[in-house]
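One structure is given here, and the rest of the page talks about it.
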There are 2 protein chains.
Amino acid sequence: MSYSIGKVAELAGVTVRTLHHYDEIGLLSPSDRTSTGYRRYDDADLERLQQIRYYRELEFSLEEIAAILDDPKADATSHLRRQHQLLTERITRLEKMVNAIEFAMEATKVGIKLTPQERFEVWGDFDPDQYAEEAEQRWGDTDAYQESVRKTSQYTKEDWLRIKEQSEDWGRRIVAVMDSGAAADSPEAMELAEEHRQHISQWYYECSYEIQTGLAEMYLADERFMATYEAIKPGLTVFLHDAIMANAVARS
Amino acid sequence: MSYSIGKVAELAGVTVRTLHHYDEIGLLSPSDRTSTGYRRYDDADLERLQQIRYYRELEFSLEEIAAILDDPKADATSHLRRQHQLLTERITRLEKMVNAIEFAMEATKVGIKLTPQERFEVWGDFDPDQYAEEAEQRWGDTDAYQESVRKTSQYTKEDWLRIKEQSEDWGRRIVAVMDSGAAADSPEAMELAEEHRQHISQWYYECSYEIQTGLAEMYLADERFMATYEAIKPGLTVFLHDAIMANAVARS
DNA sequence: TTCCAGCCTCCCGTTACGTGAGAGTCAAGT
DNA sequence: ACTTGACTCTCACGTAACGGGAGGCTGGAA
């Protein structure tokens, strides 16, 4: 059984010109020609083309592929094994990219800026432990972060609008409480701290009192969060922190 | 805060030349220059570069990326959402490629040839139902195939040598039984049918009598399997089929 | 002041094809 | 036997996305 160049192109999902090119550079020359010069590809040619396609998908150059495939020490199975490993590595990398994007989405929701390291972590080659530590510190609890990502990836535009509206409303009310001169451990302030916790639980992740107090600590420690709250009203970060602490103590 | 071109290149994992190129074609021009002509990139530039890198990873051309990023209707979040979707699609495709490779490895072990469709299923755009049907027919049971892939992917070279030795030994013995003139429903033949079943159970997947009889049917129906067995000894396929049937009836 | 790494602007080279041009070929239908 | 439309052939130039210098300025540390 042999195949015309057009048929092979269709099967393998490449253009006829590509096959011409592979023939030109000697990477894949059809095992036969008709008397009129038409190329004829057989099963062995197809197997070689399959290998070429996989290695190309893995971004090997044609020259490298030629060297790899013509290596007498490597047989078909070893190629498959190698491709298998490279593919799974690649999948891992793409999954990291997906995580990074979800992280970036989270960040823009909350209104914080990413550090340059965070932006390019997938490509840059800096210490991965450092990142893990930062994320741990930022979110207090990694499981919570996972849950958050899982939940929020389902949200529609309307959901986000609702969340935004809700948190802006909450912002106005806590500012009003501050303006009224009430203390951070006043019932009104504590009520808003409680609402803050429930808002997070509802939309992002189950937020216990321990986690919330962790967040409060972080608001003071992380200048990006700090900037967000201070932009609404100076002193709000500390006020919220104190209200959360008072509320947590009172309720538990 | 602003960054030199070298620093940006290091952060983003690209070359300085690449950033020069992006500047040349107007895709990413640094927001500032020093009095001496040095490029200075700020946070907004980095964000744009981040988007560029993600879209590039997804194999968009620079021209397309420029069009996408300069579209006033799209904001940062919509880009992230889009990239998220494209990335997960890509992961799915790569996972299909991994499956295809595992399938190809299985096939070479068993000594059957792949059809052209099977070779290029990941790239070609033929009817996917047709393939599913073929796989179903070939393996009788999809779960079994999954289990097989899972198990065999762990095997070492020594394992494979052992398996090969074992099955060649079995081949010699069943040929001997045939040569002795024994019937397919003789105790010796049935014993070897039973061994065939246990061999599969041990190395590939839990092989019940129903599954084994399914395999026996398939050996007759699929000329690629047929070729394998007939190469050992003409008439072996039918003999094995009958022995399996007799054994299955007797044991259950 | 002296380095040397870093940056600048040309500018030519490379890879993996795309895209015709012009001409021969094949199989199906009349 | 003739036509016709889809395929295929071999040049041959074009393109995208950089790579890799050459030759010359800059900037901060010693």
Side-chain angles (χ1 to χ4, degrees), chain A residues 1-42 45-46 48-70 116 120 123, chain B residues 1-42 45-46 48-70 116 120 123:
Chain A
M1 189 62 182
S2 77
Y3 308 86
S4 73
I5 193 169
K7 189 67 189 164
V8 171
E10 187 196 341
L11 277 169
V14 299
T15 66
V16 169
R17 178 70 240 271
T18 299
L19 294 175
H20 280 165
H21 184 60
Y22 291 170
D23 192 2
E24 273 172 39
I25 64 174
L27 176 60
L28 176 66
S29 299
S31 52
D32 198 18
R33 293 261 191 157
T34 66
S35 58
T36 53
Y38 278 29
R39 277 164 255 252
R40 294 262 97 192
Y41 295 82
D42 66 9
D45 295 331
L46 287 189
R48 191 173 170 93
L49 180 54
Q50 179 193 1
Q51 303 290 357
I52 293 172
R53 288 245 60 192
Y54 273 107
Y55 278 121
R56 277 257 62 188
E57 180 76 29
L58 292 162
E59 286 169 30
F60 284 78
S61 73
L62 297 185
E63 200 176 61
E64 288 169 326
I65 295 175
I68 293 171
L69 291 184
D70 294 339
F120 302 109
W123 295 284
Chain B
M1 190 62 182
S2 76
Y3 308 87
S4 73
I5 194 170
K7 189 67 190 165
V8 172
E10 187 195 341
L11 277 169
V14 299
T15 66
V16 169
R17 179 66 182 90
T18 298
L19 294 175
H20 280 167
H21 184 60
Y22 291 169
D23 192 2
E24 273 173 38
I25 64 174
L27 176 60
L28 177 66
S29 299
S31 52
D32 199 18
R33 293 261 191 156
T34 67
S35 58
T36 52
Y38 279 29
R39 277 165 256 253
R40 295 262 97 192
Y41 294 81
D42 67 10
D45 295 332
L46 287 189
R48 190 173 170 95
L49 179 54
Q50 181 194 0
Q51 304 289 359
I52 293 172
R53 289 243 58 192
Y54 275 107
Y55 278 122
R56 277 257 64 188
E57 181 77 29
L58 293 162
E59 285 168 31
F60 284 78
S61 74
L62 297 185
E63 200 176 60
E64 288 169 326
I65 296 175
I68 292 171
L69 291 184
D70 294 339
F120 303 108
W123 294 285

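Residue numbers start from 1 in every chain, and the chains themselves are labelled A, B, ... in the order their sequence lines are given, proteins ahead of strands.
- Atom OH of A:Tyr22 is separated from atom C1' of C:dC17 by 9 Å (rounded to the nearest Å).
- Not one side-chain nitrogen or oxygen of A:His20 sits closer than 4.0 Å to the OP1 or OP2 atom of C:dC17.
- Of the listed residues (B:Lys7, B:Arg39, B:Arg40), just one forms a side chain to side chain donor-acceptor pair (under 3.5 Å) with B:Ser2, and that residue is B:Arg40.
- What separates CD1 of B:Ile52 from C1' of D:dC18 is a distance of 14 Å, to the nearest Å.
- A:Tyr38 contributes a side-chain N or O that forms a donor-acceptor pair with the base of D:dC7 under 3.5 Å.
- Atom CD in B:Glu24 sits about 10 Å away from atom C1' in D:dC18, given to the nearest Å.
- Using a 4.0 Å heavy-atom distance criterion, A:Thr15 is classed as a sugar-phosphate-only contact.
- Here C:dT25 presents its C1' atom at 14 Å from CZ of A:Arg33, a figure rounded to the nearest Å.
- Of the side-chain N and O atoms in A:Ser4, one or more sit less than 4.0 angstrom from OP1 or OP2 of D:dT8.
- Distance A:Glu57 CD to C:dA16 P: 15 Å, rounded to the nearest Å.
- As rounded to whole Å, 12 Å separates atom P of D:dC9 from atom CG of A:Asp32.
- Considering all non-hydrogen atoms of both residues, B:Ile65 and B:Phe60 come closest at CG1-CB, 3.7 Å.
- With DNA chain D read from its 5' end, the first of the two nearest nucleotides for B:Ser61 and B:Arg17 is the one closest to B:Ser61.
- For the residue pair B:Phe120 and A:Leu11, the shortest heavy atom distance occurs at CB-O, 3.1 Å.
- Annotation for A:Leu19 and A:Ala9: closest pair CD1-N, 3.8 Å, computed over non-hydrogen atoms.
- Counting non-hydrogen atoms under 4.0 angstrom, A:Arg40 reaches nothing in the nucleic acid.
- Taking 4.0 angstrom as the limit, B:Thr36 places a side-chain polar atom (N or O) nearer than this to OP1 or OP2 of D:dG27.
- Closest contact between the side chain of B:Ile5 and the listed nucleotides C:dC7, D:dA17, C:dA16 involves C:dC7.
- Put simply, CG on B:Leu19 is 14 Å from C1' on C:dG6, counting in whole angstrom units.
- If B:Lys7 and A:Glu63 are placed on DNA chain C by their nearest nucleotide, the residue sitting closer to the 5' end is B:Lys7.
- The NE2 atom of A:His21 sits 17 Å away from the P atom of D:dA12 (whole-angstrom rounding).
- Each of A:Arg39 and B:Ile25 was matched to the nucleotide of DNA chain D holding its nearest heavy atom; the match closer to the 5' end belongs to A:Arg39.
- Here A:Leu69 contributes atom CG and A:Ile52 contributes atom CD1; the two are 6.0 Å apart, rounded to the nearest 0.5 Å.
- Between A:Leu62 and B:Asp23, the residue whose closest nucleotide on DNA chain C is further toward the 5' end is B:Asp23.
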